[in-house]
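A short worksheet on the structure shown next.
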Amino acid sequence: MSDVLRRDPRAEWIARNRLHPLHGTVSVGDEAEVRGPSGLLRKNPHKVGFIGPNGIKRIDRLKGNGNTVAMGRRSSGPQEVLLPLHSVEQPDFYIVVVPDMVGGRLTSQDKDILGQAHKLARGIEGGNEQQGAVVAVCFGESKEEGFDTAGVDRLILLDSEEYQGFCPEQQLAALVQIEASYQPKHWLFPDSVNGGADLGARLAARLGERPAVQAWQVDHETTVSRGASGSIDISRTTPHILMLVEECADPIDETRHEAQPLALESIPRAIAQLQDQGQVAVDPNAIPLAEAEFILSAGNGIHNWDQFHDTATALGATEGASRVAVDDGFMPRFRQVGATGTWVTARVYLAVGISGAIQHMQGIGQCDKVIAINTDAGCDMVKRAALSAIGDSEEILAELLKLAQEHRAKQSEEGDQHAA
Amino acid sequence: MQPEGKRQVQDHSLDRSLDIVSLISIGQHPQSGRVRRAEQDGRAVELGMNLAEKHTVLHAGDPLQQALRSYAGMGLSEVQVLDLGPRADAVPALVEYLQDHRPDIVLTGVRAESGESSGMVPYLLAEKLNWPVVARVADIVSVENGVAELLLALPRGQRRALKVPLPFVATIDNAAPEARQSAYGPGRRAQVESLDAVIEDDQTRSDWVEAKAKPRPKRLKVVKAKTAAERFKAATAKPQGESGKVLKDMPAAEQAREIFDLLLEEKVIS
Ligand SMILES: Cc1cc2nc3c(=O)[nH]c(=O)nc-3n(C[C@H](O)[C@H](O)[C@H](O)COP(=O)(O)OP(=O)(O)OC[C@H]3O[C@@H](n4cnc5c(N)ncnc54)[C@H](O)[C@@H]3O)c2cc1C
């Protein structure tokens, strides 16, 4: 026996690196203060304090003596601010916006264009005593709840059965009917691949109007739009039909609007030449991560990788990963989401066992709906998520896998019945 | 990326007497600005070459334009050109040509790389000819009994299957199979046939002012805070949207059911 101090640098290094795969096996215990190998007192700052009611870490430096002081005041929580209502009783003119409504909700481009519509309306009102209303025409099922705060004065919601799915000809018939009944001053479309550019061009061809496409600077007199694949600016007087790029104007944020339904006479049923055969199944892992619509992402909290891959296949999701999962060799580098990986734009991002480090959060900034599965209810991913399940990833994924397989089976059964 | 990219050309169960016109325009290199074969038009020619026996490649503009040779170099024996001046409107000339020749399918790019780039030509042609128009086609799978089956390119790498009766106008998306390489010699030797056409000047366009594109201002994150405390919070706090629904102390089966319902509601599972 010698009392020469023996240190194991590797074990110390693993103990310091919380993300090391072996970190759990060399942990130094749960106390905040431990005696180091040389007898010095070591403090582990990560073990100090507790998680407060808002999920924020609290360190009680008063050692329990401050309790009495804190009792006196009670915060009333954040208050909902009611924005002033912009109401239009008798509109003298209309400006019609046809938003893309991807997934049944206004996109950020749609909101910019509603802002642009109000800017145009104010410009036209400026000279005379008229008041204009911004009309939004939405096709298909709508899940949007914020029409009023997005700046919709009047709403035409066409969600009957003939507007479901892909039906540009029927949509065009509706727009032509609106043109005839309300003679809007301007038509604004998002210049996007989500159908806005297509519908705008169809309407322009039908009405014999020359639209401005890729318009980015618009007021009631002049429009500046990009031409020659973005290399020139074309200035002209503002036309009847405009297709606008993203960030053409600021969205509405200081007023509330009525979003009243606007009546429309019955729309003739268009003869559909284009027969929709439905969406084609594509291999989700062949879609580039940056473009994928639905990502199932794995982090350090995944232990059963076969199950993870099976779940992704059953759900039809594109696979993503946090940096730790990639560094530990479970996922290829091109699947990494985050600052040093891919910035994703998924509409639904299902994060399993990912804590939500800032470098990871940067990568999912544009995701609409985040769902978290995690054992830690206080982690940042749960704060960001619209829905979080607190529990072991393996158990929840197993149930999810079962549900997805049942769903598939039921569908193929129905498909068979359909065919029979 | 393209699941149908691997498919062989022979798979097309096609009627070989299919008559296709591909419309080509003059492209522009995004960095150097040199004229070139336009990206999407090249794909339209490629698709036309694979599909049709009778394939016409048509340009409305200047027959001496060098960029036409790079289309011809794809293996075309000739390129037809409706001889128009620089200010003329291409649509009336094209409509007249198509009315005379009555092809089954007209293929174009989504947007030209030079000029106004409005992408209106296919729509105007379809409107004048009273044909259906299909935007952003990724592939034409088959043509049978006068009905074509197409794949449309949707955002996020998705595809939609569609049936359209002939004749129709289709714009070709960047997701369509890439255009083959262009060979210089055959391109020089190919014939460029110049055709007379109706010339109508584009009046509206002469009133426009065209200038080199100005860089667009980046949108700044403006904090509309009224008090100092709010400004301080906006500058320091991490953006922390209201946290959503948290499912705690529940059996895993119920949690999974809730998640699955949300996925169904968002229509990411069909
Ligand atoms: C310069 C730099 C760049 C970086 N770039 C990126 C980047 O681009 N992308 C990236 O992702 N990271 C990046 N990182 C790393 C990042 O800081 C984090 O370390 C990493 O994102 C953490 O990954 P994680 O959430 O998977 O792991 P952890 O932080 O270990 O989180 C694991 C989570 O899983 C939970 N968990 C554990 N077991 C279970 C279980 N059985 N069931 C359910 N949940 C469980 C835990 O509660 C925890 O919340 C970068 C770091 C640096 C320094």
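So that the names make sense, note that chain A is the first sequence line, chain B the second, and so on, each numbered from 1.
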Show every side chain to side chain donor-acceptor pair (under 3.5 Å) that has at least one partner inside residues 390-402 of chain A, sequence neighbours left out.
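Every pair satisfying side chain to side chain donor-acceptor pair (under 3.5 Å) with a residue in residues 390-402 of chain A: A/Asn304-A/Glu394.
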Residue selection (most heavy-atom pairs with chain B, distance under 4.5 Å) from [options]:
| options | result |
| --- | --- |
| A/Leu397, A/Leu350, A/Leu401, A/Val348 | A/Val348 |
| A/Ala205, A/Ala377, A/Gly227 | A/Ala205 |
| A/Val224, A/Asp250, A/Val102 | A/Asp250 |
| A/Gly103, A/Ala292, A/Gly278 | A/Gly278 |

Less than 4.5 Å to any heavy atom of chain B: does that hold for the side chain of [X], its backbone, both, or neither?
| X | answer |
| --- | --- |
| A/Asp368 | neither |
| A/Thr237 | neither |
| A/Val370 | neither |
| A/Arg226 | both |
| A/Asn285 | neither |
| A/Ile373 | side chain |
| A/Pro211 | both |
| A/Val213 | side chain |
| A/Ala201 | both |
| A/Ala317 | neither |
| A/Ala249 | backbone |

Between [options], who has the most heavy-atom pairs with chain A when the cutoff is under 4.5 Å?
| options | value |
| --- | --- |
| B/Met120, B/Glu116, B/Glu266, B/Lys212 | B/Glu266 |
| B/Leu152, B/Leu263, B/Leu264, B/Asp249 | B/Leu263 |
| B/Met250, B/Arg257, B/Glu258 | B/Arg257 |
| B/Ala153, B/Gly115, B/Ala135, B/Pro251 | B/Gly115 |
| B/Ala126, B/Ser114, B/Ala211 | B/Ala211 |

Would you say B/Thr171's side chain and B/Val110's backbone share a donor-acceptor pair under 3.5 angstrom?
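It does not hold such a pair.
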Please report the closest heavy-atom contact between [X] and [Y], naming both atoms and the distance.
| X | Y | result |
| --- | --- | --- |
| A/Gly140 | A/Gln164 | CA-OE1, 4.3 Å |
| A/Pro239 | A/Thr223 | CD-OG1, 3.8 Å |
| B/Ala90 | B/Ala60 | CB-CB, 4.0 Å |
| B/Val134 | A/Leu274 | CG2-CD2, 4.1 Å |
| A/Gly115 | A/Ile252 | CA-CG1, 4.0 Å |

Taking atom NZ of A/Lys143 as the centre, report whether more than 12 heavy atoms of other residues, nucleotides or ligands fall under 6.0 Å from it.
yes
Verify the neighbour count for atom CG of B/Asn145: are there more than 12 heavy atoms of other residues, nucleotides or ligands below 6.0 Å?
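At most 12 heavy atoms, drawn from other residues, nucleotides or ligands, come within 6.0 Å of this atom.
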How about A/Leu244 and A/Asp112: do any of their side-chain heavy atoms sit closer than 4.5 Å?
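Not in contact.
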Side chain from CB out, backbone as N, CA, C, O: work out which of these in [X] comes under 4.5 Å of a heavy atom of chain A, or both, or neither.
| X | value |
| --- | --- |
| B/Val147 | neither |
| B/Arg111 | side chain |
| B/Leu162 | both |
| B/Leu150 | neither |

If the condition is salt bridge (Lys or Arg N to Asp or Glu O under 4.0 Å), which residues does B/Asp104 pass it with, not counting sequence neighbours?
none
Determine, step by step, whether B/Gln40 and B/Asn174 satisfy the side chain to side chain contact (heavy atoms under 4.5 Å, CB included) criterion, reporting the C-alpha distance in whole Å, the side-chain angles of both residues, the deciding distance to 0.1 Å, and the verdict.
CA-CA 6 Å; B/Gln40 292 165 340; B/Asn174 285 339; 3.0 Å; yes
Is there a side chain to side chain contact (heavy atoms under 4.5 Å, CB included) between A/Glu169 and A/Ile271? Walk through the geometry before answering.
CA-CA 8 Å; A/Glu169 290 153 316; A/Ile271 308 154; over 6 Å; no
Can you find a side-chain donor-acceptor pair between B/Ser117 and A/Gln214 that sits under 3.5 Å?
no
